[in-house]
Each structure stands twice: as C-alpha cells, then as structure tokens.
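Notes follow the structure.
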Amino acid sequence: MKIIEVKDYTEMSQKAAEYIIEKVCQNPKINLGLATGGTPVGTYKNLIEDHEKNGTSYQNVTTFNLDEYIGLSGENKNSYRYFMDEKLFNHIDINKNNTNIPRGDCKDIEEECLRYESLLANYGGIDLQILGIGSNGHIGFNEPGTTFTSQTHVIKLAPSTINANARFFKSIEEVPTKAITMGISTIMKSKEILLLVSGENKKEAIGKLLTGKVSESFPASVLKNHPCVTIIADKAAISGLKSHCQ
Ligand code: F6R
C-alpha cells in the first residue's frame, strides 16, 4: 500500500481530485467506483471546479457507487443517489445513464444485488475505486464479520455506523438500518483503489489497518491483499503511524 500523508482535509481533497483527474485524462472511458459520506465531498467539489475551469470531461466515464440505503428512493434527500447527483453528477458533463448506484427501493432486493454484480462484470469491473473507511473498519457498508468472498449483498448496519450517519438525518430514528453494498470481493476486483482518510476519529481505524492483522473482523484489512492501493490520509488521522509501519 502506498501512503500519502497530507496536512489536512483540504489537501487530501486536492490530492485525491488530482489523482482522479489524471486517471480520467489517461482513460476517458474509465469505470470509476465512487463513495458517499463526508470524506469524498471535498474531492467531488474539486472535480467540479476542475471541470468548470479546465474542461475535464466525464462524457464517456461510467460510475458505480458502493452502496445505498434500503428503503430510500432516489428522490429521498438522504439517499446516496440524491447525494451523488447533488455533490457531483449534476455539475459535470457525465451522462446520468452511465451513473450506477444500487437501488434501495426495489421490491426484490436480492434480485437487485445480482443485477448490480453482473452489471459490474459486464462493464469489465472497476478501474479505480474510491473508498472511505468507517471507524469500525467498514469499507462500502461491509461491516465487521462480512466474509471476504462476499459479492453485492444486503447488510444490517452496525450501531456505530447508524450513529455516525445520523448527522445527515433529522433524527437517528430516520437512519435506515439496512443497506445494499458491493461486497468485499466485488471491491477487491477493482484494478486500483484509492482510500481517503481524514480526521482524528479515523485514527484508530487507520492504525488497525496499517499495523493489525488481515481479518474479517476488520474489513478494511483486506486491502493489504490488494496489489494496488493508495491511501491519502491527513495528519489528524495518520501522524505517528506512518513511520511505525513502513
Ligand atoms: C460510503 C461508504 C462508507 C463510508 C464510511 C466513511 O459510500 O461506503 O464506507 O466511506 O462510512 O464515511 P464518512 O466519509 O462519512 O466518514
């Protein structure tokens, strides 16, 4: 794993955007795997600014998001479809038909899992997957205990995830308790992974990732088995840890 330590959230967002823009320029038909949550918001803002200033085009880019809450339609302001449209897709020249997010409001959710997994396979998989990390080590919504062989599946959210995500909702009761998420093996099939980590509250998680064992009890640890992972982490999350593990 390559680790890039940066000063703060702003620098992480700049570096991450530069990284993505370079990949899009190298391969305008890139399949990008995208994340939601607080971590990538600044990165998406920079992608929009660059698109406006420098004209980087997403016309031929296809995107696949990691996850979606079960029970929320794309019109719901708390859905990840709504989030992605608001934070990125509405502001760049991407064709919305090329933006894929699991559907959380399907009648047959198991069918939706299969559809998403085979859609990914039909597109030849993800070239570059952007990830955040949960304080319990989840990637996507793969909570501790998820098998490393998992494909797109339904997951019951951990209480710590519900607590952490309550900040986006009016009340904690509104946070859905289940989600549909790419599995660990789905994520691991990505050709390349960019993990973004910011803030003191992620310090324990990144510490475990860098110094702990590979174990299903800490999902992000699987990334150690991937041949091409870059971590961009800010000082608040990583200072003191990097030298310890290199
Ligand atoms: C989001 C996702 C999650 C988040 C993680 C961190 O699509 O899959 O794994 O990356 O929960 O969330 P934030 O960035 O809000 O700390």
Side-chain angles (χ1 to χ4, degrees), residues 8-10 12-13 16-17 20 32-45 63-70 72 74 76 78-89 99-104 113 116 120 126 128-146 150-169 172 175-188 190 193-206 208-209 218-223 229 231-234 236-238:
D8 54 16
Y9 181 82
T10 304
M12 179 198 74
S13 306
I20 297 166
L32 280 180
L34 299 176
T36 54
T39 308
V41 170
T43 304
Y44 296 154
K45 210 164 156 249
T63 64
F64 295 90
N65 265 76
L66 284 163
D67 38 26
E68 179 60 282
Y69 289 117
I70 288 183
L72 303 192
N76 187 305
N78 287 310
S79 72
Y80 284 163
R81 160 54 69 185
Y82 195 93
F83 175 102
M84 288 308 302
D85 285 349
E86 280 269 287
K87 306 286 184 210
L88 184 63
F89 301 149
T99 65
N100 301 288
I101 303 182
R103 287 187 16 227
C113 294
Y116 204 66
L120 272 159
I126 288 166
L128 173 64
Q129 174 67 56
I130 315 303
L131 290 181
I133 186 171
S135 52
N136 63 359
H138 72 220
I139 49 174
F141 271 143
N142 294 287
E143 301 286 22
T146 307
S150 54
Q151 300 198 327
T152 302
H153 63 117
V154 172
I155 189 94
K156 192 171 176 295
L157 297 175
S160 66
T161 303
I162 294 177
N163 272 323
N165 290 2
R167 70 192 197 278
F168 298 111
F169 292 78
I172 194 162
V175 186
T177 54
K178 285 184 178 173
I180 178 167
T181 180
M182 280 188 205
I184 303 265
S185 88
T186 324
I187 293 172
M188 287 293 280
S190 311
I193 292 175
L194 180 64
L195 172 66
L196 306 180
V197 194
S198 169
E200 180 89 35
N201 62 332
K202 298 292 171 70
K203 194 161 191 153
E204 203 181 316
I206 186 81
K208 268 196 185 172
L209 167 59
F218 192 75
S221 63
V222 76
L223 298 175
V229 175
I231 302 175
I232 306 181
D234 69 9
I238 207 179

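Every number for a ligand or one of its atoms is a count from 1 in the order of the listing. This is a predicted model, so every value here is computed, not measured.
Counting heavy-atom neighbours within 6.0 Å of Lys202 NZ, excluding the residue itself, gives a total above 12.
Between Ile130 and Leu66, the shortest heavy-atom contact is O-CD1, 4.0 Å. Of all non-hydrogen atoms in Val229 and Leu223, the two that sit nearest each other are CG2-O, 3.6 Å.
In this structure, Asn136 and Pro144 have side chains that are in contact, with non-hydrogen atoms separated by less than 4.5 Å.
When ring centroids are compared, Phe169 and Tyr69 come within the 6.0 Å threshold.
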Starting from the N and O atoms of ligand 1, find every protein N or O within less than 3.5 Å and list the pair with its distance.
{"unit_1": "ligand 1", "atom_1": "7 (O)", "unit_2": "Thr36", "atom_2": "N", "d": "2.9"}
{"unit_1": "ligand 1", "atom_1": "7 (O)", "unit_2": "Thr36", "atom_2": "OG1", "d": "2.8"}
{"unit_1": "ligand 1", "atom_1": "7 (O)", "unit_2": "Asp67", "atom_2": "OD1", "d": "2.7"}
{"unit_1": "ligand 1", "atom_1": "7 (O)", "unit_2": "Asp67", "atom_2": "OD2", "d": "3.4"}
{"unit_1": "ligand 1", "atom_1": "8 (O)", "unit_2": "Asp67", "atom_2": "OD2", "d": "2.6"}
{"unit_1": "ligand 1", "atom_1": "8 (O)", "unit_2": "Gly140", "atom_2": "O", "d": "3.4"}
{"unit_1": "ligand 1", "atom_1": "9 (O)", "unit_2": "Gly140", "atom_2": "N", "d": "3.4"}
{"unit_1": "ligand 1", "atom_1": "9 (O)", "unit_2": "Gly140", "atom_2": "O", "d": "2.7"}
{"unit_1": "ligand 1", "atom_1": "11 (O)", "unit_2": "His138", "atom_2": "NE2", "d": "2.6"}
{"unit_1": "ligand 1", "atom_1": "14 (O)", "unit_2": "Gly38", "atom_2": "N", "d": "3.3"}
{"unit_1": "ligand 1", "atom_1": "14 (O)", "unit_2": "Thr39", "atom_2": "N", "d": "2.8"}
{"unit_1": "ligand 1", "atom_1": "14 (O)", "unit_2": "Thr39", "atom_2": "OG1", "d": "2.4"}
{"unit_1": "ligand 1", "atom_1": "15 (O)", "unit_2": "Gly38", "atom_2": "N", "d": "2.8"}
{"unit_1": "ligand 1", "atom_1": "15 (O)", "unit_2": "Arg167", "atom_2": "NH2", "d": "2.9"}
{"unit_1": "ligand 1", "atom_1": "16 (O)", "unit_2": "Lys202", "atom_2": "NZ", "d": "2.6"}

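Asp67 pairs with exactly one of Thr36, Asn142, Ile180 by the side-chain contact (heavy atoms from CB on, under 4.5 Å) rule, that one being Thr36.
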